[in-house]
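I have placed the structure first, in the form of structure tokens, so that the comments after it can refer back to it.
Chain letters run A, B, ... following the sequence lines, proteins first, then strands; residues in each count from 1.
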Amino acid sequence: MVLLVQRGPRLNRLIAPSPSSRIMSGVRVRFAPSPTGYLHVGGARTALYNWLFARHVGGVFILRIEDTDMDRSKPELTTAILESLEWLGLTWDEGPVYQSQRLARYREMALNLERSGHAYPCFCTPEELQAKRAQAEAERRAWKYDGACRALSAAERERRRAEGRPSAIRFRVPDSGQTSFEDQVFGHIEVQHRDLEDFVLLRSDGHPTYHLGVVADDLDLRVTHVIRGADHISNTPKQILMYRALEAPVPAFAHLPLILGPDKQRLSKRHGATSVGAYREQGVLPEALVNFLVLLGWTPPGQKEIVPREEMIRDFELTAVSKSNAVFDLEKLAWMNSEYVRNLPAEQLRPLVERELTKAGLGARDSGFAPRQEERFKQTVLLLQSRARTLQDFSGAFRAFFTDEFTYDPEAEKKFWKDAALPALIDALAERLAATEPFDVAATEKTLRSLAEEKGVKAGLLINAARVALTGQAVAPGLFEVMLALGRDRVISRLHRAAAHLRAGGK
RNA sequence: GGCGCUAUCGUCUAGGGGUUAGGACGUCAGAUUCUCAAUCUGAAAACCCGGGUUCGAUUCCCGGUAGCGCUACCA
């Protein structure tokens, strides 16, 4: 049997292959998204925990794409998922393995199970089953597959096959007894066989169901620890039954609590952004998202919230994972991101800002920030860094630092442009600034303050009004640093522009 | 409906038979100041309910309730 293991796409090559010295524990885990959507933050956390566990113990992290749902799977989505994982820095050691390329193997396994008597063909049509289910529901009876095809004689099976009736293959669940396992997170889990039905392994179209696919793949990939969402807890006993029927070793299981929306419902599109890509678009840093996600269900030792990745790897333990579901708190993510933005080394932040500006149609080099003014760009980013909560702030709230095309925030106008004397004051300030030498923080501040004193107004009035004039915002860094960042010419023209705007009645 | 799992501030969580039940986000107040952010100080804010075990339960056990998950020829 040959595994269809492929190297990841181009991005994968950017990351150095894992040194073999790191892989020594024999532990093998996998993350197995299905390309029916983008990488969900819940999936990202599952991937993260798998990755952390693997790195912590020196194991292998495998990526598998569960694309057996032909109707809903899309190849572009696979690419998007891989990109999101790479962006998060969750690099895999093997794969991606595509289930769609292993169909023959699943069929073989189903047939083996049938041969050994652990599975049997079922000729019931989906319509028949649907009808029985509806009937049971109408009578308020619990429905479970009734085993109609369970005891068909060999002759009867042959007869039906000869008639060309399509059949699925079902697993034969023992009538009595129970199956239990020790979940690494949830502890002892046990279910009675009588509560399980004979589930389908292979659909009548020859495609495997999830149960067959996972077990076959986890077996062939020699996965030692299955770490996945808690929504699979109920499926686990079925899969254990399959391992036993196959006389194969049963891996360890660890289920992770689910991530919910603010209304405590499972996180979904109606809660807003749920995909990793969406947060990336919104200017969230990968390290911030990872740090935020890791805390949803796991607490590092010590009362720290900001956890460097090396420490996550060093301290991560499956057994320390929480058992209860967690609400995805956007506020905390925002805080976490601002922490990371503020503490990012300037040389790492700059290219990200450039990309953000370009994305927003504001070339960083436009409007006076010519290449030769690289130094000024550096200083501007540095000036804004402490106030940025996301990368998007640079093209949004801080727009005026990168282009002359910006508008005055109505709230800011209302707050700081009330005084009737302002137009004259602002023009006067512009004129004084034209003659200020040198044009630095100390001198410009002195100029403004002495003007204020002369005119008998509070310096704050002029400072705040000038801030709105220069940035369009009520919120910005210290005014004199802003002046320096913008440069004398731009400061003067913006002041005059604001004064004219005010005289025109705010039009 | 059946089965399974879970339950500490609004949120993420620490803790654990006797604690002032700790931290973080958010909120509120104050300091600072040219706005905001940052920073500092302070405040409000939690053990789901009922039984049991125990000298003593938020912690252990049982029941209830609530939430979530599974209950497909989805994954």
Seminar exercise, completed: Applying the 3.5 Å cut-off to both distances, the Watson-Crick or G-U partner of B:C9 turns out to be none
Exercise. Which whole-number value in Å describes the distance from A:Asp393 CG to B:C36 C1'?
Worked result: 12 Å
Exercise. Within less than 4.0 Å of OP1 or OP2 of B:C73, is there a side-chain N or O belonging to A:Arg133?
Worked result: yes
Exercise. What integer number of Å spans the P atoms of B:A31 and B:G67?
Worked result: 45 Å
Exercise. Applying a 3.5 Å limit to both distances, which nucleotide forms a Watson-Crick or G-U wobble pair with B:A31?
Worked result: B:U39
Seminar exercise, completed: Pairing partner of B:A57, by Watson-Crick or G-U wobble and under 3.5 Å for both distances, is none
For this session: Could you walk me through whether A:Asp67 and A:Ser100 pass the side-chain hydrogen bond (donor to acceptor under 3.5 Å, both in side chains) test, one step at a time?
Result: CA-CA 6 Å; A:Asp67 55 352; A:Ser100 57; 2.7 Å; yes
Problem set entry | Rounded distance in Å between the P positions of B:C3 and B:A72 | 15 Å
Problem set entry | Inter-nucleotide P distance (B:U65, B:U27), Å rounded | 38 Å
Exercise. Given the P atoms of B:U20 and B:G10, what is the spacing between them in whole Å?
Worked result: 22 Å
Exercise. Reckon A:Lys264 has a side-chain N or O less than 4.0 Å from the OP1 or OP2 of B:U11?
Worked result: yes
For this session: Please determine, for B:A46, whether a Watson-Crick or G-U wobble partner exists with both distances under 3.5 Å, and give it or none.
Result: none
Problem set entry | Atom pair distance, as rounded to whole Å: CG in A:Asp329 and P in B:A24 | 15 Å
Exercise. Just checking A:His207: base, sugar-phosphate only, or nothing, at a heavy-atom cut-off of under 4.0 Å?
Worked result: nothing
For this session: Check whether the ring centres of A:Tyr279 and A:Phe328 lie less than 6.0 Å apart, and answer yes or no.
Result: yes
Problem set entry | Touch class at under 4.0 angstrom, heavy-atom based, for A:Leu258 against every strand present | sugar-phosphate
Exercise. Atom CZ of A:Arg387 and atom P of B:C36: how far apart are they, to the nearest Å?
Worked result: 11 Å
Exercise. What is the nucleic acid contact for A:Gln473, judged by heavy atoms within less than 4.0 Å: base, sugar-phosphate only, or nothing?
Worked result: nothing
For this session: Would you indicate what A:Glu331 reaches in the nucleic acid, counting non-hydrogen atoms under 4.0 angstrom: base, sugar-phosphate, or nothing?
Result: sugar-phosphate
For this session: Determine the interatomic distance between P on B:A45 and the same-named atom on B:G23; round to the nearest Å.
Result: 14 Å
Problem set entry | Under 4.0 angstrom between A:Thr68 side-chain N/O and B:A75 OP1 or OP2 | yes
Problem set entry | B:G30 and B:C36, which share atom name P, separated by this distance in whole Å | 13 Å
Seminar exercise, completed: Between A:Ala230 and A:Pro208, the residue closer to the 5' end of RNA chain B by nearest nucleotide is A:Ala230
Exercise. Does a side-chain N or O from A:Arg170 land closer than 4.0 Å to OP1 or OP2 of B:C73, or not?
Worked result: yes
For this session: Could you tell me the separation between the CG atom of A:Leu267 and the P atom of B:G67, rounded to a whole number of Å?
Result: 19 Å
Exercise. Mind checking the P distance from B:C12 to B:C48? Whole angstroms is fine.
Worked result: 14 Å
Exercise. For A:Phe406, is the NZ or CZ atom of A:Arg497 found under 6.0 angstrom from the centre of its six-membered ring and inside 45 degrees of the ring axis?
Worked result: yes
For this session: Report which part of the nucleic acid A:Gly297 touches: base, sugar-phosphate, or nothing (heavy-atom distance under 4.0 Å, all strands).
Result: sugar-phosphate
Exercise. With no angle test and no hydrogens, is the base of B:C3 tied to the side chain of A:Ser234 by a donor-acceptor pair under 3.5 Å?
Worked result: no
For this session: Indicate, with a heavy-atom threshold strictly under 4.0 Å, whether A:Ile189 touches base, sugar-phosphate, or nothing.
Result: sugar-phosphate
For this session: Just call it for A:Ala459: base, sugar-phosphate, or nothing, with non-hydrogen atoms closer than 4.0 Å on any strand.
Result: nothing
For this session: For the residue pair A:Phe171 and A:Phe199, categorise the inter-ring angle as parallel (less than 30°), tilted (30 to 60°) or perpendicular (more than 60°).
Result: parallel
Exercise. Does A:Pro126 or A:Phe186 map to a spot on RNA chain B nearer the 5' end, using the closest nucleotide for each?
Worked result: A:Phe186
Seminar exercise, completed: Whole-Å distance, A:Leu470 CG to B:C34 C1', equals 13 Å
Exercise. When rounded to the nearest 0.5 angstrom, what is the spacing between CG in A:Leu461 and NZ in A:Lys418?
Worked result: 10.0 Å
Problem set entry | Cation-pi check, A:Arg150 onto A:Tyr120 ring (under 6.0 Å, within 45° of axis) | no
Exercise. Heavy atoms under 4.0 Å, any strand shown: does A:Gln192 hit a base, just sugar-phosphate, or nothing?
Worked result: nothing
For this session: Take atom CG of A:Leu384 and atom C1' of B:A37, then tell me their distance rounded to the nearest Å.
Result: 11 Å
Exercise. Rounded to the nearest 0.5 Å, what separation is found between the CG atom of A:Leu448 and the OG1 atom of A:Thr436?
Worked result: 9.5 Å
Exercise. A:Ser204 near the nucleic acid: base, sugar-phosphate alone, or nothing, with a heavy-atom cut-off under 4.0 Å?
Worked result: base
For this session: Could you check how far NZ of A:Lys332 sits from P of B:A24, rounded to whole Å?
Result: 10 Å
Exercise. Are A:Arg140 and B:G2 close enough that a side-chain N or O sits under 4.0 Å from OP1 or OP2?
Worked result: no
For this session: Using a cut-off of strictly less than 4.0 Å, decide whether A:Gln130 has a side-chain nitrogen or oxygen near OP1 or OP2 of B:A72.
Result: no
Exercise. Does OP1 or OP2 of B:C70 have a side-chain N or O of A:Arg266 closer than 4.0 Å?
Worked result: yes
Exercise. Taking CZ from A:Phe480 and C1' from B:U35, how many angstroms apart are they, rounded to a whole number?
Worked result: 12 Å
Problem set entry | Pairwise C1' distance for B:A46 and B:A24, with rounding to whole Å | 15 Å
Exercise. Looking across every strand, which nucleic acid part, if any, lies under 4.0 Å from A:Asn235 by heavy atom: base, sugar-phosphate, or nothing?
Worked result: base
Exercise. Heavy atoms under 4.0 Å, any strand shown: does A:Pro166 hit a base, just sugar-phosphate, or nothing?
Worked result: nothing
Exercise. Across the strands shown, which category fits A:Trp298 at heavy-atom distances under 4.0 angstrom: base, sugar-phosphate, nothing?
Worked result: nothing
Exercise. Should the ring pair A:His255 and A:Phe253 be called parallel, tilted or perpendicular, given that the plane angle runs from 0 to 90° and is split at 30 and 60?
Worked result: parallel
